[in-house]
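In what follows, a structure is listed as structure tokens, so that the remarks can point back to it.
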Amino acid sequence: MNDSEMRRRELLQQTRRLYDERRDIPAVHPRYGRLYHNLYSSTEEQQKEQTGGSFYLRLVIGILCFICFVYMDQSNAGVAEVNSTSIVNQIEKDLDMDTVMEVWNNL
């Protein structure tokens, strides 16, 4: 490799570093870090942050459970010997903490 090839490779690497869109955000004072990252972070990183979470999945499951409960209540249906009245009784039942602690210790 001669000098001109080495110089061209060095210039190419400098140009790639200069125009690289995946470059790291420089260090900033912690007080201004979040503001700086919000302004200068790429849209891909923002999309990755926003896609996380399971709120909508949990919401759909809760709505389906409520619909099933209302259906059971309206049609007096029972599933596995459980009906809507027994579900309401279990929800209203007071919890005995001594029994819970005893069961927990036996595990």
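A salt bridge does not link E5 with R8: none of the charged nitrogens is closer than 4.0 Å to a carboxylate oxygen.
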(request) Carefully, step by step, assess E102 and N106 under the rule side-chain contact (heavy atoms from CB on, under 4.5 Å). (result) CA-CA 6 Å; E102 182 181 326; N106 290 336; 3.9 Å; yes

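Of the candidates L57, L59, L64, I61 forms a side-chain contact (heavy atoms from CB on, under 4.5 Å) with just one, namely L57.
Within 6.0 Å of OH on Y71 lie no more than 12 heavy atoms contributed by other residues, nucleotides or ligands.
Sorted by first then second residue, the side-chain hydrogen bond (donor to acceptor under 3.5 Å, both in side chains) pairs that include residues 55-67, not counting sequence neighbours, are S54-R58.
Atoms CD and OG1, from E10 and T15 in turn, are 10.5 Å apart once rounded to the nearest 0.5 Å.
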